[in-house]
2 protein chains.
Amino acid sequence: MAPDRRKMIVEAATKSFSLFGYKATTMDQVAKLANVGKGTIYTFFKNKEELFEEIISSIVKEMIVEADAAIQPNLPFTENVHRALYRLLEFRSQHQLMIKLVQEEAEMGTLAVSEMLQHVENEIVVYLKQKIELAITKGAIPPANTEITSYLLLKMYIALVSDWERNHAPLSSEQIADIMKVFLLQGLPR
Amino acid sequence: MAPDRRKMIVEAATKSFSLFGYKATTMDQVAKLANVGKGTIYTFFKNKEELFEEIISSIVKEMIVEADAAIQPNLPFTENVHRALYRLLEFRSQHQLMIKLVQEEAEMGTLAVSEMLQHVENEIVVYLKQKIELAITKGAIPPANTEITSYLLLKMYIALVSDWERNHAPLSSEQIADIMKVFLLQGLPR
DNA sequence: TTTTGACTAATTTAGTTTTTCGGTCAATTA
DNA sequence: TAATTGACCGAAAAACTAAATTAGTCAAAA
């Protein structure tokens with residue numbers, strides 16, 4: 001049984017990135033963890049950053065699967081927006097690697113990490129945008145600038161799920177659903 | 001005519017903070033600019049940070065005046081929310097000192113600057129909260145958690161006015177008003 | 001053909017010295 | 001006498017240097 005070296009490398013790198021962050025993970029470290037010569041890594045990946053990209057890409061795919069699983073076609077569109085977005089941010093706040101990367105960005109501002117987190121955010125916006133466009137063609141919601149709307153929706157959830165916690169006690173899923181219902185369903189005024 | 005030393009110090013410090021940022025402004029610099037001995041500064045202010053606080057405080061007061069001026073009692077509440085918030089963020093994005101401080105926070109993460117910007121944000125939330133509470137007692141909008149609502153409103157505007165510009169062309173006041181109208185007035189679904 | 005790890009150039013870190021700066025206070029001024 | 005000043009101090013930051021680390025390469029080994 002020939003071991004799948006590529007897979008071992010990806011697994012070792014994921015573990016190390018999760019434990020020590022991107023910067024503090026050395027390629028020697030990954031090679032050793034993967035039981036592989038360092039040169040072997042470079043037969044599969046052009047460089048450290050490309051290895052990182054591959055790992056982030058598959059995490060994004062995981063996130064999309066999670067979000068899709070949260071959606072229930074019989075529920076109203078706005079309810080599903082909430083369920084999907086909440087699941088996405090929950091994933092981000094529970095996934096070891098994501099936690100570590102957010103921490104590394106805050107503490108050391110590693111460029112490659114900032115870019116990657118930005119990339120993840122973009123992917124989420126694209127995902128949302130598709131859902132919104134689908135809802136518009138189905139007539140569930142009126143036409144709007146889907147790019148800005150998706151962007152704003154994500155920012156609203158990040159504000160409630162992550163930013164709020166910097167200075168206040170965390171909000172429960174229900175609290176977030178309640179406040180978002182105001183904006184998603186009827187707007188402020190009575 | 002005895003010169004008002006306190007005022008000269010505050011003006012010199014404001015100018016220097018605006019030009020070079022907080023960290024790069026030295027007390028010797030401020031003293032020289034203010035035509036004052038360094039010791040004199042310390043007869044009016046306990047330390048550099050307190051001098052900074054005084055300047056930020058008066059800027060916050062200016063901002064509140066600006067926001068209030070944007071409000072027109074005959075317009076609907078949500079329209080005024082937009083006008084006040086837009087004016088506040090416009091102020092922030094046009095005021096030399098604010099621009100410099102935001103830049104300094106991003107580039108060097110100066111602690112005192114982060115704290116001060118956080119403080120400004122809090123002041124805005126408090127201001128908004130008061131307006132919302134007033135609107136609730138007047139029956140213009142239904143009761144809600146005013147703290148979270150104000151916070152979320154501010155974050156939405158920051159997202160549209162500042163964050164969006166990091167990766168896209170700036171949005172016009174009208175575009176922002178349009179997208180906010182969706183969330184403030186009717187909600188997503190038709 | 002695939003894998004490897006010693007090797008290299010470039011970057012980062014650690015250690016040291018020098019400079020700068022916030023804040024004080026004895027001397028000076030008004 | 002009260003207000004003002006700037007030389008002075010310790011602490012903190014910057015500049016500099018030497019040493020160590022590390023991403024990526026490639027000739028040799030498997």
Side-chain angles (χ1 to χ4, degrees), chain A residues 1-56 100-101 104-105 107-116, chain B residues 1-56 100-101 104-105 107-116:
Chain A
M1 77 178 200
D4 183 346
R5 294 176 193 282
R6 193 176 203 286
K7 195 177 163 195
M8 308 208 48
I9 290 167
V10 170
E11 276 169 9
T14 303
K15 187 178 273 179
S16 184
F17 287 150
S18 302
L19 237 44
F20 310 114
Y22 177 75
K23 187 103 181 294
T25 290
T26 70
M27 295 303 261
D28 282 292
Q29 165 99 275
V30 173
K32 187 171 266 179
L33 262 170
N35 272 109
V36 140
K38 185 160 62 157
T40 308
I41 300 177
Y42 289 88
T43 66
F44 294 111
F45 303 95
K46 209 178 89 231
N47 52 38
K48 187 181 179 182
E49 195 150 358
E50 212 171 68
L51 172 59
F52 189 34
E53 267 166 33
E54 161 128 352
I55 290 168
I56 295 295
K100 192 73 200 180
L101 293 179
E104 183 172 350
E105 155 150 74
E107 286 176 6
M108 340 198 322
T110 315
L111 185 67
V113 171
S114 297
E115 286 171 355
M116 216 50 76
Chain B
M1 79 176 201
D4 184 346
R5 294 175 194 282
R6 192 177 203 284
K7 196 176 162 196
M8 308 207 48
I9 291 166
V10 170
E11 276 170 9
T14 303
K15 187 177 272 180
S16 185
F17 286 150
S18 301
L19 237 45
F20 310 114
Y22 178 75
K23 186 104 181 290
T25 290
T26 71
M27 294 303 261
D28 282 293
Q29 165 99 277
V30 173
K32 187 171 269 179
L33 262 171
N35 272 109
V36 140
K38 185 160 63 157
T40 308
I41 301 178
Y42 289 88
T43 66
F44 293 110
F45 302 95
K46 212 178 88 227
N47 52 38
K48 186 180 180 183
E49 194 151 358
E50 212 170 68
L51 172 59
F52 189 34
E53 266 166 33
E54 161 128 353
I55 290 168
I56 295 295
K100 192 73 199 178
L101 292 180
E104 183 172 350
E105 154 149 76
E107 285 175 8
M108 340 199 322
T110 314
L111 185 65
V113 171
S114 297
E115 285 172 356
M116 215 51 77

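Every chain is numbered from 1 and lettered A, B, ... according to where its sequence line falls, protein lines coming before strand lines. If you're wondering where the values come from, they're calculated on a predicted model, not measured in any experiment.
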All N/O pairs under 3.5 Å across the protein-nucleotides 21-28 of chain D interface:
residue: D:dA23; atom: OP1; partner: A:T25; partner atom: O; Å: 3.4
residue: D:dA23; atom: OP1; partner: A:K48; partner atom: NZ; Å: 3.2
residue: D:dA23; atom: OP2; partner: A:M27; partner atom: N; Å: 2.6
residue: D:dA23; atom: N7; partner: A:K38; partner atom: NZ; Å: 3.1
residue: D:dG24; atom: OP2; partner: A:Y42; partner atom: OH; Å: 3.1
residue: D:dG24; atom: OP2; partner: A:K48; partner atom: N; Å: 2.8
residue: D:dG24; atom: N7; partner: A:K38; partner atom: NZ; Å: 3.0
residue: D:dG24; atom: O6; partner: A:K38; partner atom: NZ; Å: 2.4

Atom NZ of residue position B:K15 - does it have more than 12 heavy atoms of other residues, nucleotides or ligands inside 6.0 Å?
no
How many Å lie between [atom1] on [X] and [atom2] on [N], as a whole number?
X      : N      : atom1 : atom2 : value
B:K32  : C:dT20 : NZ    : P     : 13 Å
B:F45  : C:dT24 : CZ    : C1'   : 18 Å
B:Q29  : C:dG23 : CD    : C1'   : 17 Å
B:E50  : C:dG22 : CD    : P     : 15 Å
B:L51  : C:dC21 : CG    : P     : 16 Å
B:I41  : C:dG22 : CD1   : P     : 9 Å
B:R6   : D:dA3  : CZ    : P     : 15 Å
A:L111 : C:dT11 : CG    : P     : 15 Å

Below the 4.0 Å mark, does D:dA3 have OP1 or OP2 next to a side-chain nitrogen or oxygen of B:T43?
no
Check whether any side-chain N or O of B:R5 sits under 4.0 Å from OP1 or OP2 of D:dA3, and answer yes or no.
no
Would you say B:E49 and B:Y22 make side-chain contact, with heavy atoms under 4.5 Å?
yes
Sub-4.5 Å side-chain heavy-atom contact between B:V10 and B:F45
yes
Hey, does the side chain of A:T25 reach the backbone of A:S16 with a donor-acceptor pair shorter than 3.5 angstrom?
yes
Any donor-acceptor N/O pair, A:E104 side chain to A:K23 backbone, under 3.5 Å
yes
So, for A:A31 and A:G37, which heavy atoms are closest and what is the spacing to 0.1 Å?
CB-C, 4.1 Å
